[in-house]
Amino acid sequence: MTDPRLTVVVITHNRRAELLRTLDRLAELPERPPVIVTDNGSTDGTAEAVARRHPEVTLLRPGRNLGATGRNLAVRQVRTPYVVFCDDDTWWAPGSPAGAADLLDRHPALASVTARIVVEPGSTDDPIVEELRTSPLTRPSWMPGPALGSFLAGATVLRTDAFRAAGGFHPRLWLGGEEELLAADLASGGWWLTYADHLTVHHQASTVRDPTLRRAHGIRNTLWFTWLRRPVRPALRRTLFLARTVPRDTVSLRAFAEAAAALPWVLRERRVLPVEVEERFRLLEDAQRRSTARQYTG
C-alpha cells in the first residue's frame with residue numbers, strides 16, 4: 001500500500017540515465033510514494049524518457065532551469081504532510097522514507113530528518129556523515145538524534161507545511177549550498193532539524209556535473225546567506241575566513257565578484273537571526289572550520 005504521508009520530489013537537468021536509475025529505485029520502495037519530477041529545461045530527452053518508462057510519475061516542465069526552486073514548483077503539487085527530497089543521482093533505501101515519517105509523526109517540533117549518505121559504488125559513508133553524527137549543537141531532551149543547523153536536500157524528508165511557511169528555496173541562490181538559508185529560516189520559526197543514522201540514502205555522484213560551477217555557487221551562496229542572516233561581526237569574520245581559505249583562482253574570484261554585485265538586494269532582504277539561532281550557527285561555524293567535508297574544492 002502507498003504510504004499516505006509521503007511524496008517524493010526530484011529535480012533534474014540533462015541527466016537522463018541517472019534520473020531513470022533513480023526512478024527505477026524509487027519505484028521499488030515499499031512505501032510506494034507518488035513521485036514528482038521537475039525537469040529543469042533538459043535538452044537530452046529526459047522528459048520524454050521519463051514519460052515512457054515511468055508514466056506514473058508527475059512530470060513538471062517549466063521550460064527553463066529553475067535550479068533548486070524547481071523543488072518549490074513541485075512542492076506546490078504535494079498533498080501529503082511530508083515531502084521526501086531526492087536528487088537525480090541519489091535514491092532512498094527501502095523503509096527509510098517511512099522511518100523519517102515516523103520520527104516526524106512522533107516529534108511535532110521537527111521540521112526535517114536527514115538520513116545517512118552512503119556513496120556508491122562501494123557503499124562507504126560520505127565524509128559529511130561523521131560531521132552530522134557529531135554535531136556540536138545542544139539538542140532538546142526529546143530529540144531522537146543530533147540537532148543540525150542545516151540539511152542536505154538530496155537526503156532529507158521535510159514537513160511540507162514548514163517548508164512552505166519558511167518560503168522554500170530562495171530563487172536567487174539557484175543551486176549549491178541553497179539549504180543553509182532555508183534551514184536558518186526554519187530554525188527562526190521555532191523548528192528543529194535532526195539526523196537519523198538508521199536511515200539511508202545512496203549517492204552515486206553524477207558524471208556530468210560541473211564541479212567548478214558548483215564550487216562558485218557554493219562560495220557565492222555562503223556569502224549571500226552570511227550577509228542575509230548573520231550579525232555584522234560574525235558576517236565579517238566568516239567572509240574573511242572564506243577569503244583566506246578558498247582556492248586562489250578565477251572560480252573563487254568570480255564567486256566573490258557575484259556576491260559583491262548583489263549587495264543592494266542582499267541588504268534589502270537582510271534579516272538577522274534570533275539570538276538563540278545565531279548561537280547555533282556560531283557553534284557550527286567553529287566546527288566547520290576544522291571540517292574536510294566542506295572545503296570548497298573542485
Side-chain angles (χ1 to χ4, degrees), residues 5-6 81-87 90-93 95-119 123-163 166 169 177-203 218 221-222 225-226 229-230 234 238 273-295:
R5 301 172 295 175
L6 301 165
Y82 311 133
V83 56
V84 182
F85 283 129
C86 188
D87 287 342
T90 69
W91 61 91
W92 286 77
S96 286
D102 291 343
L103 292 176
L104 291 166
D105 282 347
R106 291 198 293 268
H107 304 288
L110 275 183
S112 71
V113 177
T114 296
R116 180 172 66 102
I117 302 168
V118 174
V119 178
S123 298
T124 58
D125 281 354
D126 188 287
I128 199 69
V129 167
E130 186 60 23
E131 189 174 316
L132 300 175
R133 285 175 178 151
T134 59
S135 170
L137 299 185
T138 302
R139 67 186 187 188
S141 59
W142 56 262
M143 186 173 285
L148 302 182
S150 189
F151 63 92
L152 297 144
T156 297
V157 178
L158 282 100
R159 199 175 296 272
T160 307
D161 287 346
F163 177 88
F169 293 102
E178 70 277 3
E179 300 97 336
E180 192 170 30
L181 179 59
L182 175 57
D185 289 344
L186 286 167
S188 297
W191 294 101
W192 289 87
L193 295 73
T194 196
Y195 167 72
D197 201 54
H198 66 290
L199 309 178
T200 302
V201 166
H202 297 271
H203 180 210
N221 290 347
T222 296
F225 161 73
T226 298
R229 295 291 182 267
R230 305 291 301 278
R238 195 176 195 193
L273 296 171
V275 172
E276 65 276 11
V277 178
E278 167 58 27
E279 177 61 18
R280 294 181 215 167
F281 276 90
R282 187 191 64 77
L283 289 171
L284 288 169
E285 187 177 52
D286 291 342
Q288 289 167 8
R289 287 180 180 179
R290 302 185 295 273
S291 170
T292 58
R294 294 175 182 260
Q295 289 179 349

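With sequence neighbours excluded, the residues satisfying side chain to side chain contact (heavy atoms under 4.5 Å, CB included) with Pro274 are Ser188, Glu276, Val277.
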Q: Using the side-chain contact (heavy atoms from CB on, under 4.5 Å) rule, take Ile117 and Leu152 through it: C-alpha gap first, then chi angles, then the decisive distance, then the call.
A: CA-CA 9 Å; Ile117 302 168; Leu152 297 144; 3.5 Å; yes
Q: Check step by step if side-chain contact (heavy atoms from CB on, under 4.5 Å) holds for Leu110 and Trp191.
A: CA-CA 6 Å; Leu110 275 183; Trp191 294 101; 5.9 Å; no
Q | Verdict with reasoning, Arg282 to Glu279, per salt bridge (charged side-chain N to carboxylate O under 4.0 Å, His left out) | A | CA-CA 5 Å; Arg282 187 191 64 77; Glu279 177 61 18; 2.8 Å; yes
**Q.** Test log, rule side-chain contact (heavy atoms from CB on, under 4.5 Å), inputs Leu182 and Phe163
**A.** CA-CA 8 Å; Leu182 175 57; Phe163 177 88; 3.6 Å; yes
Q: Take Val118 and Thr124, measure what side-chain contact (heavy atoms from CB on, under 4.5 Å) needs, and give me the verdict at the end.
A: CA-CA 5 Å; Val118 174; Thr124 58; over 6 Å; no
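Taking 4.5 Å as the limit, some side-chain heavy atom of Phe85 sits within range of a side-chain heavy atom of Leu158. Contact of the Asp125 side chain with the Val119 side chain is not registered, since no non-hydrogen atoms from C-beta on lie closer than 4.5 Å.
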Name the atoms and distances for all side-chain donor-acceptor pairs under 3.5 Å in residues 138-145, with sequence neighbours left out.
residue: Arg139; atom: NH1; partner: Gly145; partner atom: O; Å: 2.9

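Considering CG of Leu181 and CZ of Arg229, their distance stands at 5.0 Å, rounded to 0.5 Å. Distance check: Asp105 CG to Arg5 CZ gives 5.0 Å after rounding to the nearest 0.5 Å. Atom CG of residue Leu186 and atom CG of residue Leu148 lie 12.0 Å apart, to the nearest 0.5 angstrom. Considering OG1 of Thr114 and CG of Leu193, their distance stands at 7.0 Å, rounded to 0.5 Å. Summarising the geometry, atom OG1 belonging to Thr90 is positioned 7.0 Å from atom NE2 belonging to His203; distances are rounded to the nearest 0.5 Å. Here the CG-OG distance, from Leu284 to Ser135, works out to 5.5 Å after rounding to the nearest 0.5 Å.
Judged as a salt bridge (charged side-chain N to carboxylate O under 4.0 Å, His left out), the pairs with a partner in residues 193-202 (not counting sequence neighbours) are, in order, Arg133-Asp197.
The two residues Ala184 and Phe225 have their closest heavy-atom pair at CB-CE1, 3.6 Å. Heavy-atom minimum distance, Val201 versus Ala115: CG2-CB, 3.9 Å. Minimum heavy-atom separation, Ser150 to Ala183: CA-CB, 3.5 Å. Of all heavy-atom pairs between Glu130 and Thr134, the closest is O-OG1, 2.7 Å. Contact detail for Phe169 and Ala153: the closest heavy-atom pair is CZ-CB, 4.3 Å. Of all heavy-atom pairs spanning Ala101 and Leu6, the tightest one is CB-CD2, 3.9 Å.
Neither side chain, Thr156 nor Ser112, offers a donor N or O lying under 3.5 Å from an acceptor on the other.
Between Glu180 and Arg238, at least one side-chain nitrogen of the basic residue sits less than 4.0 Å from a carboxylate oxygen of the acidic one, meeting the salt-bridge criterion.
Within the cation-pi definition used here (under 6.0 Å to the ring centroid, within 45° of the axis), Arg116 does not qualify as a partner of Trp92.
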